[in-house]
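So the structure is just underneath, and the comments pick up after that.
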Amino acid sequence: MLITNENIKEYADRPAVFAIKITAGTEIAVEHLEHPMFLDDMVSSNLFTLDKTLTIGQVIGVKVAKDCDAFTPVTEDIVGGVVKLTKKEEPVEEKIQEVQTETTEQDGNTIIISIKEGKDIYLELPL
């Protein structure tokens with residue numbers, strides 16, 4: 001099973017393993033990599049080890065330096081020592097702001113909720 005563009009960010013820190021045979025000079029894309037969900041089973045079956053394997057985020061867009069078979073872990077020698085440095089995102093502390101809300105009833109058929117938090121948000125809900 002392959003990774004998709006939709007879940008590439010979710011698996012960016014997971015080990016990169018080729019899902020298909022790939023030739024030298026090919027730029028690594030998501031369709032070339034195995035889904036990380038299956039890697040533990042493959043390692044426990046002694047198909048390969050994940051020592052020195054680069055992460056998916058490091059190898060996307062990098063050209064392969066030599067031909068590789070399917071189920072080959074992507075290491076620095078496979079990409080010719082060229083890897084993208086991934087920047088670790090540090091968690092940002094969210095500041096909790098006091099929210100001012102005002103609820104009023106109008107003509108018995110509509111509830112109006114006005115929320116002011118940096119921007120003026122105005123909701124009108126019919127009853």
Side-chain angles (χ1 to χ4, degrees):
M1 185 168 147
L2 301 175
I3 315 170
T4 62
N5 285 324
E6 290 79 32
N7 59 11
I8 189 69
K9 287 185 180 181
E10 179 182 346
Y11 299 118
D13 291 335
R14 300 293 307 270
V17 176
F18 289 124
I20 59 173
K21 186 174 182 172
I22 193 163
T23 58
T26 304
E27 188 174 295
I28 301 172
V30 293
E31 59 266 12
H32 300 129
L33 300 175
E34 185 64 45
H35 196 288
M37 164 172 78
F38 301 113
L39 297 182
D40 291 335
D41 292 337
M42 293 178 188
V43 169
S44 64
S45 298
N46 293 322
L47 288 174
F48 51 76
T49 63
L50 296 176
D51 299 337
K52 300 181 183 179
T53 303
L54 300 171
T55 65
I56 292 170
Q58 289 175 310
V59 300
I60 294 293
V62 176
K63 289 189 178 182
V64 179
K66 60 183 181 179
D67 295 345
C68 295
D69 290 324
F71 305 120
T72 302
V74 184
T75 58
E76 284 191 46
D77 64 318
I78 289 175
V79 294
V82 179
V83 292
K84 294 195 292 187
L85 298 175
T86 55
K87 182 179 175 183
K88 294 276 185 183
E89 292 184 19
E90 296 180 17
V92 178
E93 290 184 31
E94 293 184 24
K95 294 182 180 178
I96 301 174
Q97 297 178 349
E98 185 176 318
V99 178
Q100 297 175 355
T101 60
E102 180 182 323
T103 305
T104 58
E105 282 192 38
Q106 193 175 39
D107 71 17
N109 293 326
T110 306
I111 296 177
I112 300 172
I113 303 171
S114 179
I115 304 171
K116 293 168 180 51
E117 181 183 316
K119 295 182 181 180
D120 191 17
I121 301 169
Y122 181 83
L123 303 172
E124 187 172 331
L125 307 169
L127 293 178

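Each residue takes its place number in the sequence, starting with 1. Side chains are part of it too, since the values below use all heavy atoms of this structure and drop only hydrogens, waters and symmetry mates.
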Rounded to the nearest 0.5 Å, how far apart are [atom1] of [X] and [atom2] of [Y]?
| X | Y | atom1 | atom2 | value |
| --- | --- | --- | --- | --- |
| M42 | F71 | CE | CZ | 4.5 Å |
| H35 | Y11 | NE2 | OH | 3.5 Å |
| K9 | I56 | NZ | CD1 | 14.5 Å |

- Message: Ignoring hydrogens, what is the shortest heavy-atom contact between A65 and G80? Give both atom names and the distance.
- Response: CB-N, 3.5 Å
- Note on the structure: For A29 and I60 the tightest heavy-atom approach is C-CD1, 3.9 Å
Would you say the side chain of [Y] lies within less than 4.5 Å of the side chain of [X], judging by non-hydrogen atoms?
| X | Y | answer |
| --- | --- | --- |
| P73 | T49 | no |
| H32 | E27 | no |
| F18 | I28 | yes |
| V17 | L39 | yes |
| T75 | L54 | no |

- Working for side-chain contact (heavy atoms from CB on, under 4.5 Å), residues V59 and L33: CA-CA 10 Å; V59 300; L33 300 175; 4.2 Å; yes
- Would you confirm whether T26, through its side chain, and I22, through its main-chain N or O, come within 3.5 Å as a donor-acceptor pair? no
- N/O donor-acceptor pair under 3.5 Å between T72 side chain and C68 backbone: no
- Listed once per pair and sorted, the salt bridge (Lys or Arg N to Asp or Glu O under 4.0 Å) pairs that draw on residues 62-81, sequence neighbours left out: K66-D77
